[in-house]
Amino acid sequence: MRFSKMFIPTKREIPTDVEIESHKLMIRSGMIKKSASGIYNQLPLGLKVEKKIESIIKEEVEDADFREMLCSALIPSELWQESGRWARRGAEMFRLEDRTGKEFCLGPTHEEVFTDIVRQEVSSYKQLPVKLYQIQSKYRDEKKPRFGAIRTKSFTMFDAYSFDKDEESLNKSYEEMIAAFKRIFDRCGVKYSLVEAESGIEGAPSSIEFMVKSEIGEDELAICSDCTYAANRESAECMPREFEAEELGTLEEVHTPDARTIKDLEEFFSAEGNRFAKTIIYYADGKTVTVVVRGDREVNENKVKRAIGEVEEFGLATDEMVKDVTGSEVGFAGPIGINSDILLIDEEIANGKNLITGANKTGYHFKNANFGRDFEGTVGDFRTVREGDKCPKCGAPLKIRRGIEIGHIFKAGQKFSENMNAMYRSEEETDEYIQLGCYEIGTERLTATIIEQNFDADGIVWPLSVAPFEVEIIPVNLKNEDVVNTAERIYKELKLMGVDVLIDDRDARPGTKFKDSDLIGIPVRITVGRDLKEGLVEMKFRNSEERELISAVDAAEIVREKISELR
C-alpha cells in the first residue's frame with residue numbers, strides 16, 4: 001500500500017477534551033475521527049487494525065466450532081419483552097418506533113435474537129450443540145462516554161452464543177471459549193487477568209471477565225496479594241472481619257438530635273465506624289428492601305439484587321419511603337422494629353456484638369443492639385470488599401486495583417430459553433430447555449487497550465500481529481532515482497512474499513516521514529537513503545533504538561525472515 005493513497009490524516013496537535021494516551025494516539029495517528037460525544041468513525045488505518053483483530057478472533061473461535069452469521073442491529077421490542085429485559089434495560093437502550101408505531105431498539109447485545117433463531121430451527125437433541133457468532137455494531141446510550149474508544153455509544157463487538165442440551169455440555173463449551181479467549185488475547189499481545197464477575201444477567205450461574213490492569217479503568221478489581229484469586233469488586237466475596245468477644249449489653253435508647261451520619265455518630269459516641277450498624281433502604285418493584293452493614297462498610301447492590309431475585313426497578317428509597325418504613329426522619333433508620341418488606345443483615349452485623357444503630361425514632365439511636373436478641377433478618381454477604389480484606393481462597397490480604405474489561409463470558413443457562421420457550425426433545429423423549437452460553441469482546445476497546453499497553457513518547461508501538469502494516473519503507477529523497485527504484489523494488493518483493501507493507505511515497509521531508517512512522521507504530525522500518533552508495537539500507541524495529549545496515553539487494557528476504565521470526 002502507498003502512503004499517498006491511504007488517507008492517513010496524522011496530527012501534531014490534539015483536542016483539549018482528550019484524556020488518555022490511547023485516545024490521543026488514535027486521533028493523532030489518523031485511526032479515528034470524532035462524530036459526536038461517544039461516537040467515532042474508523043478511518044482506513046484504524047479499520048485495518050480492527051480487521052486484523054477480527055481475523056484473529058475468527059480463526060480461534062472457528063477452531064472451537066463457532067460459525068459466523070450477522071443479525072440486524074434493529075431489534076423488535078417483542079423479543080426483549082419476551083425475555084423480560086425491555087423494561088429492565090433502562091435508559092441506556094436506544095428505543096425507536098417505525099412509521100406505524102411499532103417499537104424497536106438498536107441492539108446493545110443479541111441474546112434474544114440468537115435465541116429466537118435457534119428456537120425456530122432446533123427441535124431435537126441431535127441438532128445440539130449450536131455455536132454461532134457475529135461481529136457487529138452495538139449501541140448503548142452511555143450517560144458519560146469517555147476515554148475515546150474505551151466507553152462509547154456506538155461500538156463494534158464480537159458476540160458469540162453456544163446452545164447446549166445440558167449443563168455438562170454448556171460447561172464444555174464454556175471452558176473451550178475460555179481457552180479460545182486466552183489464545184486471542186495472547187496473539188494480540190495483551191497482558192490480562194481472568195476475574196470472577198457479575199454477568200449482568202440475573203440468575204446467570206457463572207461469569208468471567210478478561211481484565212487489563214489500568215489506572216484509567218472504570219472497573220475495580222479485588223486481587224489477592226499471594227494466590228491467583230481475582231474478582232470484579234462488584235461480585236468479589238468479602239470475608240467477614242471479626243469482633244472481639246464480649247458479653248451482651250443492655251439495649252439502651254440514646255438521644256442523638258444532631259447525629260444523622262456515621263461521621264456524626266462517631267464523634268457523638270467516640271466510637272469507630274465498625275461499632276455501628278448502618279441501615280440503607282432501597283425500593284424494588286414496589287417493595288422496600290432494608291440492608292444493614294457495618295458503619296465502615298459500603299453496601300454491594302449487586303449482592304443485594306442477587307439475594308432478592310429478579311426485579312425490574314431497583315434503587316435507593318426516597319425520603320418519603322424511608323419515613324414510611326421507619327416512622328422517623330432520614331438519618332435514624334435501624335433494624336429494630338423497622339416496617340420493611342425485606343430485611344437483609346450482613347454477616348458482620350450478625351456476628352457483631354453491642355452495636356449502635358438507628359432507633360427508627362427521630363433524634364434517637366440504640367446502644368448495645370444485637371442480632372438474634374433485638375432484631376432478625378436474612379443473613380448474608382451484602383458488603384463491598386475493600387483493600388486489606390482477606391482473600392476467600394487463601395486468607396492473604398486483597399489489593400484493590402482498577403482495570404479495563406476487554407472480554408466477558410458467562411453462562412446464562414436456561415434464563416432465556418425459559419422466558420422465550422426455547423426447547424428441544426431429549427433422548428428420553430422429554431421436552432427440555434436449551435442451555436445458553438454468552439461470549440463477548442469489544443474489538444475497538446481491545447484496540448485502545450493494546451495501545452494503552454504499547455506506546456512511548458513518539459507514538460504507538462504495535463505488536464506485529466495487529467499492526468496496520470508489518471513493514472514500512474521510507475525513501476528519503478524522491479529526487480534520487482536510485483533511492484526511488486530501490487525502495488520500489490523492495491516494496492514489490494515484500495508484497496510478493498506476502499508481507500503487509502507500506503511505502504511512504506509522499507513528497508515530504510524525511511523528518512515528517514520518520515515522525516509519522518513512529519507515531520503510527522509500524523513494527524519494522526526500512527530506510528533507503530545515503531547508505532545506498534555502499535549498497536546498504538537501514539533496518540530499524542519500532543520497539544528498539546538499534547539500527548542495522550543490511551544489503552539492499554537482499555533486504556526483502558532479510559526482512560521476510562525477521563517477520564517470520566516475530567509472527
Side-chain angles (χ1 to χ4, degrees), residues 54-86 107-136 138 157-184 194 199-208 210 310 407-441:
E54 290 180 7
S55 178
I56 290 171
I57 292 172
K58 289 180 179 184
E59 287 176 16
E60 296 299 341
V61 301
E62 289 188 2
D63 277 350
D65 295 328
F66 281 76
R67 296 297 169 253
E68 186 175 16
M69 57 181 287
L70 184 62
C71 297
S72 170
L74 192 64
I75 305 174
S77 64
E78 289 90 343
L79 292 180
W80 282 74
Q81 288 165 349
E82 273 193 79
S83 71
R85 294 205 297 171
W86 183 256
T109 183
H110 273 70
E111 285 87 355
E112 285 85 354
V113 177
F114 276 78
T115 300
D116 178 49
I117 292 169
V118 169
R119 71 178 173 178
Q120 295 180 54
E121 302 300 331
V122 171
S123 58
S124 168
Y125 72 93
K126 295 178 181 179
Q127 296 169 276
L128 296 171
V130 173
K131 299 179 180 181
L132 303 168
Y133 78 93
Q134 65 175 347
I135 299 176
Q136 185 221 47
K138 298 287 192 276
M157 188 168 84
F158 156 83
D159 53 320
Y161 306 90
S162 61
F163 297 86
D164 285 286
K165 65 181 182 179
D166 52 32
E167 287 188 32
E168 182 180 354
S169 300
L170 171 60
N171 291 339
K172 184 173 183 292
S173 296
Y174 189 75
E175 292 300 325
E176 286 174 350
M177 280 300 267
I178 290 176
F181 272 39
K182 288 180 178 179
R183 294 193 298 271
I184 288 166
L194 274 68
S199 69
I201 304 294
E202 296 89 341
S206 186
S207 177
I208 290 176
F210 289 75
E310 184 175 323
H408 186 195
I409 72 173
F410 60 92
K411 300 174 188 176
Q414 297 180 358
K415 180 68 180 176
F416 287 89
S417 58
E418 286 180 359
N419 289 342
M420 300 180 68
N421 199 35
M423 306 185 77
Y424 71 95
R425 195 74 172 169
S426 71
E427 289 181 81
E428 292 76 27
E429 295 296 319
T430 59
D431 291 327
E432 305 292 341
Y433 288 112
I434 297 173
Q435 298 276 346
L436 175 64
C438 306
Y439 318 93
E440 302 171 345
I441 296 173

Task: Set of residues satisfying ring-ring contact (aromatic ring centres under 6.0 Å, His included) with respect to Phe158, sequence neighbours excluded - done: Tyr133
- [ ] Mind checking the CD-CG spacing from Gln414 to Leu436? Nearest 0.5 Å is all I need.
- [x] 11.0 Å
Open item on the list: If I compare all heavy atoms of Val118 with all of Leu132, which pair ends up nearest, and what's the gap?
Closed with: CG2-CD1, 4.2 Å
TODO: Could you tell me whether the side chain of Leu70 reaches within less than 4.5 Å of the side chain of Gln134, counting heavy atoms only?
DONE: yes
Open item on the list: What's the separation between atom CD1 in Ile409 and atom OH in Tyr174, rounded to the nearest 0.5 Å?
Closed with: 4.0 Å
Task: Criterion salt bridge (charged side-chain N to carboxylate O under 4.0 Å, His left out) against Glu176, the qualifying member of Arg183, Lys182, Lys131 - done: Lys131
Task: For Gly107 against Ile75, the heavy-atom pair lying closest together - done: CA-CD1, 3.6 Å
TODO: Taking all non-hydrogen atoms of both residues into account, name the closest pair between Glu440 and Asp159 and its distance.
DONE: CG-CB, 4.3 Å
Open item on the list: Any heavy-atom pair between the side chains of Leu79 and Thr115 that's under 4.5 Å?
Closed with: no
Open item on the list: Can a side-chain donor-acceptor contact be found between Gln120 and Asp116 if the only test is distance below 3.5 angstrom?
Closed with: yes
Open item on the list: Testing the basics here: between Thr109 and Lys138, what is the closest heavy-atom pair and its distance to 0.1 Å?
Closed with: CA-CE, 3.8 Å
Task: Whether over 12 other heavy atoms sit under 6.0 Å from Glu167 CD - done: no
- [ ] In plain terms, say whether Lys415 and Glu111 are close enough for a salt bridge, that is, a side-chain N and a carboxylate O under 4.0 Å apart.
- [x] no
Task: Side chains of Tyr424 and Ser124 in contact at under 4.5 Å (non-hydrogen atoms) - done: no
Task: Nearest non-hydrogen partners of Ala160 and Met177, listed with the distance - done: CB-CE, 4.1 Å
Open item on the list: Looking at Glu112 and Met420, would you say the former's side chain and the latter's main chain have a donor-acceptor pair under 3.5 Å?
Closed with: no
Task: Nearest non-hydrogen partners of Ile208 and His408, listed with the distance - done: O-CD2, 3.2 Å
Open item on the list: To the closest 0.5 Å, what do you measure between CD1 (Ile135) and CD (Glu54)?
Closed with: 4.0 Å
Open item on the list: I'd like to know if the side chain of Gln127 and the backbone of Ser123 have a donor-acceptor N/O pair within less than 3.5 Å.
Closed with: yes
Open item on the list: For the CD atom of Glu418 and the OG atom of Ser83, what is their distance to the nearest 0.5 Å?
Closed with: 13.0 Å
Open item on the list: Nearest 0.5 Å, please: how far is CG in Asp431 from CE in Met423?
Closed with: 5.0 Å
Task: Geometric class of the Phe114/His110 ring pair [parallel <30°, tilted 30-60°, perpendicular >60°] - done: perpendicular
- [ ] Decide whether Asp166 and Gln435 meet the rule of one side-chain donor and one side-chain acceptor closer than 3.5 Å.
- [x] no
Task: Euclidean distance, Arg119 CZ relative to Phe163 CZ, rounded to 0.5 Å - done: 11.0 Å
- [ ] Assess the side chains of Ser426 and Glu432: does a donor N or O sit below 3.5 Å from an acceptor N or O?
- [x] no
Open item on the list: Can you see whether Ser162 engages Tyr439 through a side-chain donor-acceptor pair at a distance of less than 3.5 angstrom?
Closed with: yes
